[in-house]
Amino acid sequence: METNLILLILSTSLKSIVIFSLGTVLFRKWLKQNQRYYTDFPFLNSLGFYFYAIGKIFDIYLYIRFRSNDTSGIISDSLVLGFAKGRFILSPVIVLIPYVILMLVIWFQGKRKLQIGIGLGWASISLFAVLIAQSYQQLLIINVIIAFPPIFISIITFGIIHHQKRLPQINSLILMIGWSLYIGSQLIRSIWVNLGSGTWGLSYVAELIEMVTFVIIGIGFMLPAFYNKFEEQSDIIQGNINDFEENIENQDVLFSLN
């Protein structure tokens with residue numbers, strides 16, 4: 001087995017472990033909340049991380065299976081094609097469902113029928129596109145088409161949240177940066193494949209870069225917003241001012257009584 005493939009398997013395994021760990025941290029954070037809802041940020045994103053980590057295990061199989069094959073042609077082995085489709089149904093379709101739900105809740109709050117309609121429409125089209133694919137290259141193209149809209153909308157959403165200083169329990173600025181970097185890593189992924197030797201080239205570099213972007217995204221869901229600290233300080237200052245004014249008023253009352 002060539003060095004680049006070994007490094008690819010190791011980097012993908014590490015990525016799966018790191019992302020699974022991030023999902024566990026978020027899930028535990030959700031469990032510690034006084035009130036828990038299935039639409040909460042920590043819960044939905046922990047599910048996304050868990051599914052993505054499992055998807056990377058599928059990738060390891062595909063990396064080994066195609067280590068000496070041309071991935072651009074039609075996959076004639078029905079078992080391998082089915083496995084590849086299963087991987088892309090899991091990621092990005094199932095992985096992105098929690099994020100799609102999150103965006104629908106934010107943008108169409110209270111409009112249940114519209115949320116269900118858009119969600120089912122996206123999922124149905126995504127599943128159909130994956131199922132009719134006949135090659136690995138087609139699946140990669142479908143992957144981009146499926147994943148880009150929800151991720152792009154999430155970048156815009158977190159940008160608006162940060163600008164309006166809402167949802168201080170998450171760090172929308174870090175999330176916006178993290179998802180933007182993830183899209184950038186996807187756009188340059190093909191460059192690493194074409195560098196180096198073997199079918200997968202230096203794809204292990206792409207895996208490590210993507211892992212870093214997910215760590216940034218995970219941090220964004222774990223840390224509160226920067227403006228939350230300023231709001232807390234402002235509340236403390238305002239409280240001190242109110243206490244001071246109240247003391248002054250009490251003293252004025254005492255003086256007037258004397």
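Every value quoted in this text rests on a predicted model; they were computed, and no experiment measured them. Values below: every heavy atom of this structure, side chains too, minus hydrogens, waters and symmetry copies.
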Between Arg87 and Ser91, is there a donor-acceptor pair closer than 3.5 Å when you use the side chain of the first and the backbone of the second? yes

Could you tell me whether Tyr136 and Trp200 have their ring centroids closer than 6.0 angstrom? yes

Under 3.5 Å, is there a donor-acceptor pair between the side chain of Arg166 and the main chain of Ile161? no

Asp40 side chain to Pro42 backbone, donor-acceptor under 3.5 Å: no

If I take atom OG from residue Ser16 and atom CG from residue Asp59, how far apart are they, to the nearest 0.5 angstrom? 9.5 Å

Please walk me through it: do Ser21 and Ile17 pass side-chain contact (heavy atoms from CB on, under 4.5 Å)? CA-CA 6 Å; Ser21 300; Ile17 293 170; 4.2 Å; yes

Flag the pair Glu2 and Arg67 as a salt bridge only when some basic side-chain nitrogen lies within less than 4.0 angstrom of an acidic carboxylate oxygen. no

Check step by step if side-chain contact (heavy atoms from CB on, under 4.5 Å) holds for Val212 and Leu181. CA-CA 9 Å; Val212 172; Leu181 292 175; over 6 Å; no

Residue pair Asn143 / Val130, side-chain heavy-atom distance below 4.5 Å: no

Kindly say whether His162 contributes a backbone atom to a donor-acceptor pair with the side chain of Ser172 at under 3.5 angstrom? yes

Rounded to the nearest 0.5 Å, the CD1 atom of Ile89 sits from the CZ atom of Phe58 at a distance of 9.5 Å

Would you find more than 12 non-hydrogen atoms of other residues, nucleotides or ligands less than 6.0 Å from Arg36 atom CZ? yes

Ignoring hydrogens, what is the shortest heavy-atom contact between Ile74 and Ser135? Give both atom names and the distance. CA-CB, 4.0 Å

Are the side chains of Thr199 and Tyr63 in touch, meaning some heavy atoms are under 4.5 Å apart? no

Between Thr12 and Lys56, the two heavy atoms sitting closest are CG2-O, 3.5 Å

Would you call Phe27 and Leu47 a side-chain contact if the rule is heavy atoms closer than 4.5 Å? no

So if I apply the side chain to side chain contact (heavy atoms under 4.5 Å, CB included) rule between Trp192 and each of Leu8, Leu202, Leu208, which one comes out positive? Leu202

Can you hop from Tyr61 to Leu81 via hydrophobic side chains spaced under 4.5 Å? yes

Hphob cluster co-occupancy, Phe152 + Ile142, side-chain heavy atoms under 4.5 angstrom: yes

Would you say Asn171's side chain and Pro224's backbone share a donor-acceptor pair under 3.5 angstrom? yes

Any side-chain heavy atom of Phe158 within less than 4.5 Å of one from Leu173? no

Dump the intermediate steps for side-chain contact (heavy atoms from CB on, under 4.5 Å) on Gln138 and Ile132, then the final yes or no. CA-CA 9 Å; Gln138 289 177 2; Ile132 65 172; over 6 Å; no

Is it true that the side chains of Glu210 and Gln186 contain a donor and an acceptor less than 3.5 Å apart? yes

Hey, what do you get for CG (Leu195) to CG (Asn4), rounding to the nearest 0.5 Å? 10.0 Å

Please check if atom CZ in Phe128 has more than 12 non-hydrogen atoms from other residues, nucleotides or ligands closer than 6.0 Å. no

Val193, Leu5: one ILVMFWY side-chain cluster at the under-4.5 Å cut-off? no

Show the nearest heavy-atom pair for residues Gly159 and Met176, with the distance to one decimal. CA-SD, 3.4 Å

Any luck finding a side-chain donor-acceptor pair between Thr157 and Trp107 under 3.5 Å? yes

Using a 3.5 Å distance criterion without hydrogens, assess whether the side chain of Ser185 forms a donor-acceptor pair with backbone atoms of Ile209. no

Quick one: ring pair (Phe, Tyr, Trp, His ring centres under 6.0 Å) partners of Phe108, sequence neighbours excluded? none

N/O donor-acceptor pair under 3.5 Å between Lys85 side chain and Leu131 backbone: yes

For Ile146 versus Pro92, what's the shortest heavy-atom pair and its separation? CG2-CG, 3.8 Å

Assess the pair Phe49 and Phe20: is the distance between their ring centroids shorter than 6.0 Å? no

Taking side chain as C-beta onward, heavy atoms only, is Lys29 less than 4.5 Å from Lys32? no

Any side-chain heavy-atom pair from Leu96 and Trp122 closer than 4.5 angstrom? yes

Single-linkage hydrophobic cluster, 4.5 Å side-chain cutoff, Phe221 and Ile160 together: yes

Does Ser154 use its side chain to pair, donor to acceptor, with the backbone of Ile151 at less than 3.5 Å? yes

Counting only N and O atoms by type, is there a donor-acceptor contact under 3.5 Å from the side chain of Ser46 to the main-chain atoms of Phe43? yes

So, for Ile174 and Ile216, which heavy atoms are closest and what is the spacing to 0.1 Å? CG2-O, 3.3 Å

Rounded distance [0.5 Å steps], CZ in Arg189 versus CG in Asn194: 12.0 Å

4.5 Å side-chain heavy-atom contact, Phe66 and Ile75: yes

Determine, using the 4.5 Å side-chain heavy-atom cutoff (strictly less than), whether Ile188 and Ile183 are members of one ILVMFWY cluster. yes

Report the hydrophobic cluster partners of Ile141, with the cluster defined as I, L, V, M, F, W, Y residues connected by side-chain heavy atoms closer than 4.5 angstrom, directly or transitively. Ile145

Trp30 ring center near Tyr37 ring center (under 6.0 Å): no

Rounded at 0.5 Å granularity, tell me how far CE in Met222 sits from CG in Asn45. 10.0 Å

For Tyr99 and Trp179, take the angle between the two ring planes, folded into 0 to 90°, and tell me which bin it lands in: parallel under 30, tilted 30 to 60, perpendicular over 60. perpendicular

Closest non-hydrogen atom pair between Gly48 and Pro98, with its separation: N-CG, 4.0 Å

Please assess Lys15 against Tyr204 for the test side chain to side chain donor-acceptor pair (under 3.5 Å), listing each intermediate value before the final yes or no. CA-CA 10 Å; Lys15 182 179 178 181; Tyr204 69 89; over 6 Å; no

Please report the C-alpha distance between Thr39 and Leu102 in whole Å, then the side-chain angles of each, then the deciding distance to 0.1 Å, and finally whether the side-chain contact (heavy atoms from CB on, under 4.5 Å) criterion is met. CA-CA 7 Å; Thr39 54; Leu102 197 59; over 6 Å; no

Just checking Phe214 against Tyr52, ring centres under 6.0 Å apart? yes

How many angstroms lie between CD in Glu207 and CG in Leu14, if you round to the nearest 0.5 Å? 10.5 Å

Is there side-chain contact between Ile170 and Leu167, with at least one heavy-atom pair below 4.5 Å? yes

